[in-house]
Amino acid sequence: MNYEQARAYAVNVSRSGSILGLDSIENLMHELGDIQEQLKIIHIAGTNGKGSTGAYLERVLIEAGYRVGRYSSPAVFDPMEVWRINLQSMSHEEYADIMEQVKCACDRMVEKGMEHPTIFEVETAMAFLYFYQKKCDYVLLEVGMGGRTDATNVIRKPVCSVITSVSMDHMQFLGNTLTEIAQAKAGIIKKDCPVVTILQKAEAMVAIEAEAEKQHARLYTADVSKVTVETETLKEIRFDHPGLGTVTTRLTGTYQVENCCLAVTVLKEILGIADRIIIDGIKNTVWPGRFEVIGEQPLFIIDGAHNEDAALQLSASVEKYFTNIPITYIIGVLADKEHKKVLEAMLPYAGAAFTVTPDNPRAMKAEELASEAEAIVARLWKERAGKPEKVQGTENSPQGAEGMEPLPKVSACSSMKEAVQLALEHTKKDGVILAFGSLSYLKEIRQIMQSD
């Protein structure tokens, strides 16, 4: 296989969709010699914060002198970034070589009468094989969805299990209550293996504690309430950690202190990394696409907030950093996400909103998203004015009813380039543009900004 052939094979496999369950991945890994059991794995699950937490762990472990493999999805800027070793993405040549080995194992399964593995199972097997052959000291393994029945959960003895913030997402697969979703994610907890989590909402915490007790797994909880934030800007957050002293992170957004404290607990309590290395590694951590500034005058930020909890966290950051400044939004979401709740969390701060259709088969059309946003904006406008009888429909007039603030402009765009152009035209030099929603379109937004 060359790279093009390997990518074509992946596209063909992906057409079969995805299936939760461990039978197929167990059979596939058995064909590959169950090499995943020889890796030192830190398994990360959660609704939001997996990427940032993994980024902190990755950087600190590298600075501690370890060879670190990292498997995380989805890719944002390059398909190969799903598999990384010491911050370097897998090369095209490595991809083709590893894919060919996994394809041969899949072919053997089919010859034996088994179902062909799904694309996520294939890519997970590739991660195990790649990190094993490259002799990684540690592997950071991010759950794709849920936990208990996710393909990554084929491992039996991780170094530790990590559970980031748990909230409502993927309800069609994981359950309709926070308890059910937390139970699914707590499924990565293994017998006699430590587990680290943040202080969760009550229902989620109970589910995680119950699973930890069932598995005789020691539970460590990172309590952010014991942390004192000293300074917080768009460039860095400096806070006092009770076990480390002053810590600085360049990952900004109100939620990052929590992700950082979770990583610190893993590094300090489980892995025994020296304090100075932890502090230096955190300061040097970068993670693109999370409240990332990609332009100045106007300030241009991208963020992958794609569900209600992430949107609420993002709205808190907007309120903190840009008090009373109307924000120009570029919004693109997937149709199977809680897009209405995301809009309700973010639109109160909107000065204008330009909707786009992400390049994803699950994408919500820009026109449908704009229509939904218009309705929410009109309702919020009525509530602010307290005079619903004066509202003149939901049209995007630059002037509202007499004595009321104007409705924010909402427009559906036919392309990312159009959305960026209109947002820049609409926003003053001292204003703010925020592109958020699905991670799948942020790459194109960033490329457009870099090319201008």
Side-chain angles (χ1 to χ4, degrees), residues 36-46 49-72 83-88 127-128 131-132 134-143 147 152-153 155-165 185-186 188-199 208 212 215-224 226-227 239 241-249 251 256-287:
Q36 75 278 10
E37 300 306 330
Q38 300 180 51
L39 296 169
K40 295 176 71 173
I41 293 172
I42 299 170
H43 201 187
I44 308 172
K50 296 190 296 293
S52 299
T53 302
Y56 288 125
L57 294 171
E58 179 181 34
R59 187 72 196 214
V60 173
L61 287 172
I62 290 170
E63 297 208 6
Y66 295 108
R67 186 172 178 81
V68 184
R70 185 174 176 198
Y71 177 56
S72 63
W83 309 269
R84 308 202 317 178
I85 296 177
N86 281 22
L87 304 175
Q88 295 298 311
F128 290 133
F131 300 142
Y132 172 76
K134 295 296 183 180
K135 297 180 169 56
C136 289
D137 299 307
Y138 282 103
V139 170
L140 302 172
L141 185 69
E142 187 178 304
V143 167
T152 61
N153 208 32
I155 62 173
R156 295 185 178 89
K157 198 77 175 175
V159 173
C160 73
S161 302
V162 181
I163 302 177
T164 66
S165 174
K185 295 181 186 298
I188 70 166
I189 299 173
K190 299 295 189 298
K191 186 175 181 180
D192 298 323
C193 296
V195 55
V196 183
T197 188
I198 61 164
L199 191 61
I208 293 169
Q215 299 296 340
H216 304 287
R218 183 173 179 182
L219 177 63
Y220 297 80
T221 304
D223 187 357
V224 74
K226 297 178 181 178
V227 166
F239 62 92
H241 186 280
L244 288 177
T246 300
V247 178
T248 302
T249 173
L251 303 191
Q256 284 301 348
V257 173
E258 185 174 77
N259 296 333
C260 190
C261 288
L262 179 58
V264 167
T265 302
V266 175
L267 293 162
K268 192 173 174 67
E269 301 297 332
I270 308 299
L271 303 181
I273 305 297
D275 291 359
R276 176 44 53 189
I277 294 174
I278 295 175
I279 291 169
D280 290 345
I282 287 171
K283 189 172 185 178
N284 294 329
T285 299
V286 294
W287 187 231

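The figures that follow rest on heavy atoms only: side chains count, while hydrogens, waters and symmetry mates do not.
- Contact record, Cys193 with Pro158: SG-O, 3.5 Å, taken as the closest heavy-atom pair.
- Legend: residues meeting salt bridge (charged side-chain N to carboxylate O under 4.0 Å, His left out) with Glu63, ordered by chain and number and at least two apart, are Arg59.
- Listed by first and then second residue, the salt bridge (charged side-chain N to carboxylate O under 4.0 Å, His left out) pairs that reach into residues 189-198 come to none, sequence neighbours excluded.
- Here the shortest heavy-atom pairing between Arg84 and Phe131 reads O-CE2, 3.4 Å.
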Show your working on side-chain contact (heavy atoms from CB on, under 4.5 Å) between Val264 and Val247 and close with a plain yes or no.
CA-CA 10 Å; Val264 167; Val247 178; 5.6 Å; no
Only pairs under 3.5 Å count here: list side-chain donor-acceptor contacts from residues 272-282, not counting sequence neighbours, and write none if there are none.
residue, atom, partner, partner atom, Å
Asp275, OD1, Lys268, NZ, 2.7
Asp275, OD2, Lys268, NZ, 3.3
Arg276, NH1, Asp280, OD1, 3.2

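- The environment of NZ in Lys226 is sparse: at most 12 heavy-atom neighbours from other residues, nucleotides or ligands sit within 6.0 Å.
- In this structure Cys160 satisfies the side chain to side chain contact (heavy atoms under 4.5 Å, CB included) test together with Ile42, Val162, Pro194, Val266, Ile270, sequence neighbours excluded.
- Considering every non-hydrogen atom in both Ala45 and Lys185, the closest pair reads CB-O, 4.1 Å.
- Side-chain contact between Ile208 and Ile163 is present, with heavy atoms from C-beta onward closer than 4.5 Å.
- Across all non-hydrogen atoms, the minimal contact from Leu262 to Val196 is CD1-CG1, 3.6 Å.
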Step-by-step side-chain contact (heavy atoms from CB on, under 4.5 Å) determination, Ile198 to Thr164:
CA-CA 6 Å; Ile198 61 164; Thr164 66; over 6 Å; no
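- Under the rule for a side chain to side chain contact (heavy atoms under 4.5 Å, CB included), the partners of Tyr132 that lie at least two apart in sequence or sit in another chain are Ile35, Gln38, Leu39.
- The structure places CG of Leu244 at 9.0 Å from CG of Leu267, a figure rounded to the nearest 0.5 Å.
- Applying the side-chain hydrogen bond (donor to acceptor under 3.5 Å, both in side chains) rule to Ser165 yields the partners Asp309; only residues at least two apart in sequence or on another chain are considered.
- Take Tyr56 and apply the side-chain hydrogen bond (donor to acceptor under 3.5 Å, both in side chains) test, not counting sequence neighbours, and it matches Thr249, Gln256.
- Applying the salt bridge (charged side-chain N to carboxylate O under 4.0 Å, His left out) criterion to Lys134, with sequence neighbours excluded, gives Glu94.
- When every heavy atom of Leu219 is checked against every heavy atom of Ala212, the shortest pair comes out as CB-CB, 4.2 Å.
- With sequence neighbours excluded, the residues that form a side-chain hydrogen bond (donor to acceptor under 3.5 Å, both in side chains) with Thr152 are His43, Asp150.
- Annotation: the span from Trp287 atom CH2 to Leu251 atom CG amounts to 10.0 Å, rounded to 0.5 Å.
- Atom CG of Asn86 and atom CD1 of Ile62 lie 4.0 Å apart (nearest 0.5 Å).
- Atom CD1 in Ile44 sits 13.0 Å away from atom OH in Tyr71 (nearest 0.5 Å).
- When all heavy atoms of Cys261 and Phe239 are compared, the pair lying nearest together is SG-CE1, 4.2 Å.
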Just distance, no hydrogens or angles: give the donor-acceptor pairs under 3.5 Å from side chains in residues 136-143, sequence neighbours left out.
residue, atom, partner, partner atom, Å
Asp137, OD2, Arg67, N, 2.7

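- Annotation: side-chain hydrogen bond (donor to acceptor under 3.5 Å, both in side chains) contacts of Glu269 (sequence neighbours excluded): none.
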